[in-house]
Amino acid sequence: MNRMLMALAVPVLAIVMVAITLSGPPQPMPAVFLPEDCRRIDIVDRRDRIIEGIEDLQILPSGEVIFSAHNRRYRERPARGIYRISVQDMVFSDPPYAEEIRGVERAVERLYPHGIAYDPRDGRLAFVNRPTDDDAEVVWGTLGPGGFDMSGRWSGGGSCRANDVIWRGSELFVTLDRQDCGPSVADLMPGAATGRLMRVGFGGAETLADGLEFANGLVELGGTVYVAETRGNRLRDVVTGETIEMPGGPDNINPGPVGTMVVAMHPSLMDYWFYSLNFSERAGTRVVRLDPRRQGDQTVLFDDPIGKIFKGGTAAAFSRGTMIVGSAYDSGLLICSPALDQPPPSVGSNTG
């Protein structure tokens with residue numbers, strides 16, 4: 001099967017290489033934050049190792065950013081884990097140190113964190129761990145003064161393609177980006193809709209929605225769960241089935257101020273694919289704030305269509321005028337504020 005896939009992949013790769021060469025870069029869009037409002041900051045751990053591949057993040061009501069990271073190209077580099085750092089330290093510390101959350105590495109055999117979900121109201125933390133590209137598990141527990149204390153795990157039974165996770169009350173919702181654990185022609189075909197949304201708990205897992213075009217990030221707003229269909233360039237309301245078209249392939253989603261959501265997306269999925277394979281350095285970052293209550297009204301917060309400032313952004317959060325962006329393949333974090341030389345505003349309780 002792998003030989004057949006390789007045989008099919010060679011001509012497809014050649015065609016796509018020609019297409020990306022001939023195609024122009026994505027068109028820029030007017031954005032709230034200008035390039036001079038933003039800068040990339042290298043984050044280091046307490047051993048002075050640069051933290052690379054910050055795939056998912058949240059801004060907490062306390063003014064902290066919690067994020068997951070590992071270098072996908074050089075997976076055995078030691079600086080990987082789930083970390084926390086304050087927005088203040090990001091801007092004013094030199095260097096900005098992030099604290100690794102203790103206990104996470106003891107909960108799994110090999111730690112390669114992916115999507116994360118933290119509920120600061122009761123200290124519940126859940127994360128997707130992907131030790132290989134074709135294997136994943138969902139781990140959850142509580143985060144207290146002594147670190148992380150695991151209380152449950154979901155593995156097997158389709159968990160191999162787990163991508164992102166959110167808390168909805170006491171339940172966990174998990175996206176499976178595609179169907180098969182290993183290489184699959186069905187999953188790679190244009191228009192393939194094999195992604196799913198699962199509900200996971202101590203009693204096992206059940207499918208809530210399927211037929212999704214690469215199910216990725218998810219968020220709950222106003223009693224509704226929205227899933228990013230990355231290859232479909234849209235968000236889907238899994239309650240009604242209605243979709244919202246997006247100017248790019250949406251990745252992770254975070255709650256924003258006053259009932260909005262903040263979506264990190266890839267202006268060109270082809271560019272991002274070749275960037276992830278290390279074949280190209282052209283990979284844009286686009287961040288959109290969306291209000292589903294107003295017919296999906298969208299505001300572009302940041303647009304870097306070829307990745308001149310920050311490449312391949314996969315997660316973004318925005319609160320009180322400050323935006324943070326992470327990338328699964330770039331290093332550090334991007335921070336945007338109209339006045340980076342001034343103390344950033346405090347983070348309010350309307351973000352998660």
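With side-chain heavy atoms closer than 4.5 Å counting as contact, directly or through intermediates, Phe214 stands alone and belongs to no larger hydrophobic cluster. Under a 4.5 Å side-chain heavy-atom cut-off, the cluster of Ile, Leu, Val, Met, Phe, Trp and Tyr residues that includes Leu218 is completed by Ile166, Phe173, Leu197, Leu208, Leu212, Val225, Val227, Val238. Hydrophobic cluster membership of Tyr97, counting Ile, Leu, Val, Met, Phe, Trp and Tyr whose side-chain heavy atoms lie under 4.5 Å apart directly or via other members: Val44, Ile50.
For Phe310, there are no ring-ring contact (aromatic ring centres under 6.0 Å, His included) partners, not counting sequence neighbours. A search for salt bridge (charged side-chain N to carboxylate O under 4.0 Å, His left out) contacts involving Asp304 returns nothing, not counting sequence neighbours. Residues satisfying the side-chain contact (heavy atoms from CB on, under 4.5 Å) test with Glu213, not counting sequence neighbours, are Ala193, Glu229, Arg231, Arg234. By the salt bridge (charged side-chain N to carboxylate O under 4.0 Å, His left out) test, Glu52 pairs with Arg77, sequence neighbours left out. Every salt bridge (charged side-chain N to carboxylate O under 4.0 Å, His left out) that Glu171 has, sequence neighbours left out, goes to Arg199. The side-chain contact (heavy atoms from CB on, under 4.5 Å) check on Glu76 picks up Arg80, Arg110, Tyr112, with sequence neighbours excluded. Under the side-chain contact (heavy atoms from CB on, under 4.5 Å) criterion, Ala228 pairs with Asn216, Leu235, Pro250, Ile253, sequence neighbours left out. For Arg73, the side-chain contact (heavy atoms from CB on, under 4.5 Å) partners are Asn71, Tyr275, Asn278, Tyr329, not counting sequence neighbours.
When side chains are defined from C-beta on, Met323 counts as touching Val287, because their heavy atoms get closer than 4.5 Å. In this structure, the side chains of Val174 and Asp164 stay at 4.5 Å or more apart for every pair of heavy atoms. Contact check for Arg289 versus Val300: no side-chain heavy atoms found under the 4.5 Å cut-off. Side-chain atoms of Gln179 and Arg161, non-hydrogen and from C-beta on, never get closer than 4.5 Å to each other. Between Gln58 and Val65 the shortest side-chain heavy-atom distance does not fall below 4.5 Å.
The structure places CG of Asp94 at 11.5 Å from CG of Asp89, a figure rounded to the nearest 0.5 Å. Interatomic distance, OG1 of Thr299 versus CZ of Phe318, reported as 9.5 Å (0.5 Å rounding). The CG atom of Asp271 sits 11.0 Å away from atom OG of Ser276, with the distance rounded to the nearest 0.5 Å. Interatomic distance, Cys160 SG to Asp180 CG, rounded to the nearest 0.5 Å: 8.0 Å. Expressed to the nearest 0.5 Å, how far CD1 of Ile309 lies from CG of Leu34 amounts to 9.5 Å. Here the CD1 atom belonging to Ile54 is positioned 9.0 Å from the OH atom belonging to Tyr83, to the nearest 0.5 angstrom.
With Thr240 contributing its side chain and Glu242 its backbone, the two residues share a donor-acceptor pair below 3.5 Å. A donor-acceptor pair under 3.5 Å is formed between the side chain of Thr260 and the backbone N or O of Pro257. In terms of modelled atom types and a separation under 3.5 Å, the side chain of Asp297 and the main chain of Pro292 share no donor-acceptor contact. Checked by atom type and distance alone, the side chain of Thr314 pairs as donor or acceptor with a backbone atom of Glu55 at under 3.5 Å. Side-chain N or O atoms of Ser93 include none that pairs as donor or acceptor with a backbone N or O of Pro95 at under 3.5 Å. With hydrogens and angles ignored, the 3.5 Å screen pairs a side-chain donor or acceptor of Arg286 with a backbone N or O of Pro247. Judged purely by atom type and a 3.5 angstrom limit, Arg236 uses its side chain to pair as donor or acceptor with the backbone of Gly241. A donor-acceptor contact shorter than 3.5 Å links the side chain of His70 to the backbone of Pro113. The main-chain N or O of Gly249 is found under 3.5 Å from a side-chain atom of Asn233 such that the two form a donor-acceptor pair. Side-chain atoms of Arg40 never come within 3.5 Å of backbone atoms of Asp42 as a donor-acceptor pair (strictly under, hydrogens ignored).
Of the residues Glu99, Glu64, Glu100, the one that meets the salt bridge (charged side-chain N to carboxylate O under 4.0 Å, His left out) test with Arg84 is Glu64.
Atom CG of Asp122 sits in a crowded spot, with more than 12 heavy atoms from other residues, nucleotides or ligands closer than 6.0 Å. Under a cut-off of 6.0 angstrom, the local environment of CZ in Arg46 is crowded, with over 12 non-hydrogen atoms contributed by other residues, nucleotides or ligands. No more than 12 heavy atoms of other residues, nucleotides or ligands sit less than 6.0 Å from atom CD of Glu109. Other residues, nucleotides and ligands contribute over 12 non-hydrogen atoms within 6.0 Å of the CD atom of Glu245. Around CZ of Arg75, the count of heavy atoms belonging to other residues, nucleotides or ligands within 6.0 Å exceeds 12.
Scanning both residues, Val200 and Ala205, for their nearest heavy atoms gives CG2-CB, 4.0 Å.
With respect to Arg47 and Asp45, no salt bridge is recorded, no charged nitrogen being found less than 4.0 Å from a carboxylate O. With respect to the salt-bridge test (charged N to carboxylate O, under 4.0 angstrom), the residues Asp330 and Lys311 do not qualify. Salt-bridge check for Asp210 with Arg196: failed, with every basic side-chain N at 4.0 Å or more from each acidic carboxylate O.
Hydrophobic cluster membership is shared by Ile59 and Leu333, with clusters built from Ile, Leu, Val, Met, Phe, Trp and Tyr side chains linked at under 4.5 angstrom. Both Val108 and Leu125 sit in one connected hydrophobic cluster of ILVMFWY residues. Membership requires side-chain heavy atoms under 4.5 Å apart, directly or through other members. Under the 4.5 Å side-chain heavy-atom criterion for Ile, Leu, Val, Met, Phe, Trp and Tyr, Met150 and Ile66 are members of the same hydrophobic cluster. With hydrophobic clusters built from ILVMFWY side chains whose heavy atoms lie under 4.5 angstrom apart, Met261 does not share a cluster with Leu301. Follow the hydrophobic side-chain contacts under 4.5 Å out from Val288 and you never reach Phe33; the two are in separate clusters.
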Pairs of donor and acceptor atoms involving the side chains of residues 134-144, under 3.5 Å and at least two apart or interchain, shall be tabulated with distances.
from   : atom 1 : to     : atom 2 : distance (Å)
Glu137 : OE1    : Arg153 : NH1    : 2.8
Glu137 : OE2    : Asn129 : ND2    : 3.0

